[in-house]
2 protein chains.
Amino acid sequence: MKNPRITIIGVGLIGGSLGLALKAAGLDVTGVDSDRGSLDIAVRRGSVDRATTDLADGVAQADVVFLCTPVLQIPAVVARIAPHLREGAIITDVGSTKRFIGEKITRLLPRGVHYVGGHPMAGREKSGIAAADINLFRDKRYIFTPAAATPPAAVSLVAGLIRTTGARVSVMDISHHDDCAAVISHVPHVVAAGLVNLLGRYPGEEENIGALAGGGFCDTTRIASSNADMWADICLTNPDAITTGIEELQAMLDEVVAAIRRGDRAAVHAFFAAAKARRDNIIASL
Amino acid sequence: MKNPRITIIGVGLIGGSLGLALKAAGLDVTGVDSDRGSLDIAVRRGSVDRATTDLADGVAQADVVFLCTPVLQIPAVVARIAPHLREGAIITDVGSTKRFIGEKITRLLPRGVHYVGGHPMAGREKSGIAAADINLFRDKRYIFTPAAATPPAAVSLVAGLIRTTGARVSVMDISHHDDCAAVISHVPHVVAAGLVNLLGRYPGEEENIGALAGGGFCDTTRIASSNADMWADICLTNPDAITTGIEELQAMLDEVVAAIRRGDRAAVHAFFAAAKARRDNIIASL
């Protein structure tokens, strides 16, 4: 399909950045959002050609709809737009968890409309249309998780659109995606937030804690400054993999605590040395 | 005391960087290390004026001795140099934990020699003299933890030397230091290493994990690439505060896991929102 018409629902950081990049590639982009203020900024910044708060109107002409709302809002949005989608339209989303949303969307879509799950690896702590950036996806991974029944042509079309943003496209099995995302991204987010909340157990020590906060703390907890709504949704839509991962981490911490208590330097050293070797390998392979 | 003679024992990243900065301030610096190769590099790079592998020789003329070896080696080094120190000499160290080492050193020092505990907030993942940098301490905090019996003149002398490196000097009670350092630095290090080791539970998923590793993972686990020897020593010299902190973190994670399992979005959201507010405050105050 040449120059498919695009609708982006949710013009925040991701939706707004996507609009900037797709419009720069010459595509026609309609923006839909419940927040009129965000839509005004999206039009002014050139993220979208036209804007509406009406979901039915917004998707009526669309060949490809990008769902860029918070994950837990997606099922309600899809239920609302389903009767208004054109035959042959393609729906894709940008959520960080794919199993939950894939199951919901697939049940809601009319015949002749296809869903391709997507996940751009392009978060940042800031959110909202004001933080949108035409280069947000450049050189980042963008993962698609098509179901077995998804037509390859639908995947190709959406992947081709995303390549215009400068992202590197890959395809992954949906279950692998959620299990791996839990340990590489979701569990670290929960733990980073926990590390910050731990400081709340030391009232009156703010000054000393501040004096001892080095670059390590800033980096380790950077993701704890992320959007709380987005991360609550991620936890609730990938609960099994995330809670299992946290419990596995806790079991490892139990072992380290026991090793420290018995003064077992060899075991504590092995723990740190294994982490260093594994991380250095991962970083070298990126 | 004008232009005190300095001896640095252990010319690695910290000792070597300290030598570069103190020599630039016009001071006379002797370097001692058990590794001849490190000493040669230290002389060649201008970190020290002269070098020796002999501890007794190295400290005989020193007014101020900086102990920059790994923490667990310090007691043995102090026992070796104690008989050779001049009356009035001052000993200081650069370890990340202060209670353990302070107790050991105080017991070993001869009358008329004073100890001032120090902790530069200037780590990095690289170690060794090759990574030494004259600006390593610039604009970083450098914390001293003098005991009640330490003469103020000894603290002033060492603090004055450290100010020449560009560091910002503060003074902290030794117990507060170790408790606060545990929650702001030591526990995050252990947990970051745990997050990396968790990935080892998913054999065969290296490629998918790599594809999903974004900037969040790189930042959160950056400190997991630190020196394993140094971190094993830190854990073994601040065991109570670190294990207590890990267990408090685990209790918080238990609560989040329970909230995720029962689908309690409000509780999960509150957890992330509290962390974001607290971290944003800490970062703003740095």
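Letters A, B, ... are given to chains in the order of the sequence lines, protein chains preceding strands, and every chain is numbered from 1.
Side-chain contact check for A/Val190 versus B/Phe272: some heavy-atom pair is nearer than 4.5 Å. At a threshold of 4.5 Å between non-hydrogen side-chain atoms, the residues B/Leu199 and A/Arg278 count as touching. Using a 4.5 Å heavy-atom threshold, the side chains of A/Leu212 and B/His119 count as touching. The closest side-chain heavy-atom distance from A/Gln250 to B/Asp254 is below 4.5 Å. Within the 4.5 Å cutoff, no side-chain heavy atoms of B/Ile223 are placed close to those of A/Asp219. Taking 4.5 Å as the limit, some side-chain heavy atom of B/Val268 sits within range of a side-chain heavy atom of A/Leu236. Looking at B/Met121 and A/Phe217, their side chains never come closer than 4.5 Å, going by heavy atoms from C-beta outward.
The part of B/Arg141 that comes within reach of chain A is its side chain, from C-beta onward, which places non-hydrogen atoms under 4.5 angstrom from that chain. When heavy atoms are compared at a cutoff of 4.5 Å, A/Ile283 approaches chain B solely by way of its side chain, counted from C-beta outward. Contacts between A/Ile143 and chain B at a heavy-atom distance below 4.5 Å involve the side chain alone, from C-beta outward. Only the side chain of A/Ile246 comes within contact range of chain B, judged by heavy atoms closer than 4.5 Å. Contacts of A/Tyr202 with chain B are made by side-chain atoms alone, with heavy-atom separations under 4.5 Å and no backbone atom involved. Both the backbone and the side chain of B/Leu249 come within contact range of chain A, with heavy atoms under 4.5 Å apart. Both the backbone and the side chain of B/Leu198 have a heavy atom closer than 4.5 Å to some heavy atom of chain A. The part of A/Val256 that comes within reach of chain B is its side chain, from C-beta onward, which places non-hydrogen atoms under 4.5 angstrom from that chain.
Considering every non-hydrogen atom in both A/Ala273 and B/Ala228, the closest pair reads N-CB, 3.7 Å. Across all their heavy atoms, B/Ala193 and A/Phe271 have their closest contact at CB-CE2, 3.6 Å. The minimum heavy-atom distance linking B/Ile260 with A/Cys235 is given by the pair CG2-O, 3.4 Å.
How far CG of A/Asn208 is from NE2 of B/His176: 6.5 Å, rounded to the nearest 0.5 Å. From B/Leu195, atom CG reaches atom CG of A/Leu253 across 8.0 Å, with rounding to the nearest 0.5 Å. Note that CD1 of A/Ile184 is 8.0 Å distant from SG of B/Cys218, once rounded to the nearest 0.5 Å. Note that CZ of A/Arg279 and OG of B/Ser225 are 4.0 Å apart. Values are rounded to the nearest 0.5 Å.
When the candidates A/Asp173, A/Asp233, A/Asn281 are compared by the number of heavy-atom contacts under 4.5 Å with chain B, A/Asp233 comes out ahead. Between chain B and the options A/Glu248, A/Glu255, A/His177, the largest number of non-hydrogen pairs under 4.5 Å is found for A/Glu248. Per-residue counts of heavy-atom pairs under 4.5 Å with chain B were compared for A/Ala259, A/Ala275, A/Pro239; the largest is that of A/Ala275. In terms of heavy-atom pairs under 4.5 angstrom with chain A, the leader among B/Ala267, B/Cys180, B/Gly263 is B/Cys180. The greatest number of non-hydrogen atom pairs below 4.5 Å with chain B, out of A/Ala181, A/Gly210, A/Ala213, is found for A/Ala213. Between chain B and the options A/Ser170, A/Ala211, A/Ser185, the largest number of non-hydrogen pairs under 4.5 Å is found for A/Ala211. Counting heavy-atom pairs closer than 4.5 Å to chain A, the top residue among B/Thr221, B/Ile242, B/Val187, B/Ile282 is B/Thr221. Among B/Pro188, B/Ala192, B/Ala277, the residue making the largest number of heavy-atom pairs under 4.5 Å with chain A is B/Pro188. Taking A/Ala258, A/Ala274, A/Ala270 one by one and counting their heavy-atom pairs under 4.5 Å with chain B, the maximum is reached by A/Ala274.
Partners of B/Thr237 under the side chain to side chain contact (heavy atoms under 4.5 Å, CB included) rule, at least two apart in sequence or in another chain, are B/Val71, B/Leu72, B/Thr97, B/Phe100. By the side chain to side chain contact (heavy atoms under 4.5 Å, CB included) test, B/Asp240 is found to be paired with no residue, residues two or more places apart in sequence or in another chain being considered.
The pair B/Asp229-A/Arg265 meets the salt-bridge criterion, with a side-chain N (NZ, NE, NH1 or NH2) lying under 4.0 Å from an Asp/Glu carboxylate O. Using a 4.0 Å cut-off between a side-chain N of Lys or Arg and a carboxylate O of Asp or Glu, A/Arg261 and B/Glu247 qualify as a salt bridge.
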